[in-house]
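Below: one structure, written as structure tokens.
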There are 2 protein chains.
Amino acid sequence: MVTMAEGRPPGLDPDPYQQGCPTRHILDRIGDRWTVLIVGALGDGTLRFSELRRRVDGISQKMLTQTLREMERDGLVTRTVYPEVPPRVEYTLTDAGSTLRGPLKALEDWSIQHLPGVLAARERYADA
Amino acid sequence: MVTMAEGRPPGLDPDPYQQGCPTRHILDRIGDRWTVLIVGALGDGTLRFSELRRRVDGISQKMLTQTLREMERDGLVTRTVYPEVPPRVEYTLTDAGSTLRGPLKALEDWSIQHLPGVLAARERYADA
DNA sequence: CTGTATCCCTGTAGATACTG
DNA sequence: CAGTATCTACAGGGATACAG
């Protein structure tokens with residue numbers, strides 16, 4: 001037997017608790033700050049690049065493009081280019097991408113609802 | 001009227017879509033790769049440092065310590081030190097931390113269930 | 001056992017300038 | 001309008017060594 005490959009041997013059940021499991025990368029991507037906001041901004045609708053940029057306040061052009069490309073690559077959004085001048089590009093969540101809306105909205109809601117509690121916890125921690 | 005402060009003016013409703021809103025930082029933290037796995041590993045139980053380290057395969061001592069500290073600071077976990085020799089330190093989710101279990105488990109499950117679909121999407125993207 | 005402290009390298013993200 | 005291309009700065013995170 002030759003040298004064992006790094007990480008998880010292939011063919012086993014995916015398990016993000018195991019190093020090298022590809023689900024870890026996916027977890028990284030869907031938990032990403034910009035991905036969470038883009039999924040929430042798109043919702044069940046369609047937005048063009050510039051609209052997304054306005055809704056996700058503070059995102060740079062680079063990060064918006066980059067995140068959308070990765071989401072497209074992973075099958076989370078569809079990208080539709082209208083060959084007009086000036087160009088118009090629209091983004092929509094795929095069916096797979098839509099299944100993320102609930103879970104990610106839950107995170108968003110959590111951060112809003114627990115903001116006071118977290119801030120209070122930090123004060124206590126700082127005092128102690 | 002003087003120069004406007006950066007980001008969100010205080011006193012408004014928290015909105016992670018607005019730059020500078022503190023909920024963005026919280027969203028970053030709870031979506032963090034290690035936080036997701038630590039919350040899942042703790043579940044409704046208690047684990048000591050070394051046990052956590054084994055369950056979250058591949059996490060470095062530094063990142064485990066650092067992530068646990070931030071979670072403690074934000075009121076997500078309690079840290080209990082038993083003054084024995086050798087020392088024993090146990091971690092448990094707080095009530096607030098427990099409310100994250102559902103949402104984060106949903107992300108974990110999503111990554112497992114959609115792994116084949118994501119990989120397939122990447123192949124299609126590479127071919128095109 | 002459970003940390004802390006340090007070095008250092010890589011990736012990430014912002015700013016800026018330019019193009020179809 | 002919707003990108004691409006570069007440059008740069010900073011933080012994340014691994015490895016290692018040491019301590020209570």
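A, B, ... follow the sequence lines: proteins, then strands. Residue 1 opens every chain. Scope of the values below: all heavy atoms of this structure, side chains included, with no hydrogens, waters or symmetry mates.
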Distance check, rounded to the nearest 0.5 Å: A/R53 atom CZ versus A/S50 atom OG?
9.5 Å
If we count only N and O atoms by modelled type, under 3.5 Å, do the side chains of A/T92 and A/T46 hold a donor and an acceptor together?
yes
If you look at every strand shown and take non-hydrogen atoms under 4.0 Å, does A/R79 touch a base, only sugar-phosphate, or nothing?
sugar-phosphate
Taking B/K105 first and then B/D109, would you say they form a salt bridge - that is, a charged N and a carboxylate O separated by under 4.0 Å?
yes
Looking at every heavy atom in both A/G75 and A/T94, which two are closest together, and how far apart are they?
O-OG1, 2.6 Å
Could you tell me from which nucleotide to which nucleotide of DNA chain C, 5' to 3', there is an atom under 4.0 Å from chain A heavy atoms?
C/dA13 to C/dG20
Nucleotides bounding contact with chain A, strand DNA chain D, heavy-atom threshold 4.0 Å
D/dC1 to D/dT4
Less than 4.5 Å apart, side chain to side chain, heavy atoms only: is that true for A/Y125 and B/D74?
no
Identify, between B/P87 and A/D32, the residue whose nearest nucleotide on DNA chain C lies closer to the 5' end.
B/P87
Side-chain contact test, heavy atoms from C-beta onward, threshold under 4.5 Å: evaluate it for A/L27 versus B/V36 and give yes or no.
yes
Is it true that B/R88 and B/E90 have a side-chain N and a carboxylate O under 4.0 angstrom from each other?
yes
Through what angle, rounded to 10 degrees, does the axis of the helix from C/dC1-D/dG20 to C/dG20-D/dC1 turn between its ends, using five pairs per end?
50°
What distance do B/T67 atom OG1 and B/D32 atom CG have between them, rounded to the nearest 0.5 Å?
5.5 Å
Close approaches to DNA chain D from residues 39-52 of chain A, in residue order (heavy atom, under 4.0 Å):
A/R48, A/F49, A/S50
Main-chain N/O of A/Y17 paired with A/R24 side-chain donor or acceptor, under 3.5 Å
yes
B/Q19 backbone acceptor or donor facing A/D57 side chain under 3.5 Å
yes
Give one of base, sugar-phosphate or nothing for A/Y82, where a contact means two heavy atoms less than 4.0 Å apart.
nothing
Separation between CG (B/L68) and CD1 (B/I59), nearest 0.5 Å, reads 7.5 Å
Members of residues 54-66 of chain A that approach DNA chain D, where some heavy atom sits under 4.0 Å away
A/Q61, A/T65
How would you label the contact of A/R69 with the nucleic acid (heavy atoms, under 4.0 Å): base, sugar-phosphate, or nothing?
sugar-phosphate
Between the side chain of B/E123 and the main-chain N/O of B/A120, is any donor-acceptor distance below 3.5 Å?
no
Closest contact, heavy atoms only, B/V56 versus B/A41
CG2-CB, 4.3 Å
Around atom CZ of B/R55, are there more than 12 heavy atoms of other residues, nucleotides or ligands at under 6.0 Å?
no
Not counting sequence neighbours, list each pair that qualifies as a ring pair (Phe, Tyr, Trp, His ring centres under 6.0 Å) and has a residue in residues 90-113 of chain A.
A/W110-A/H114
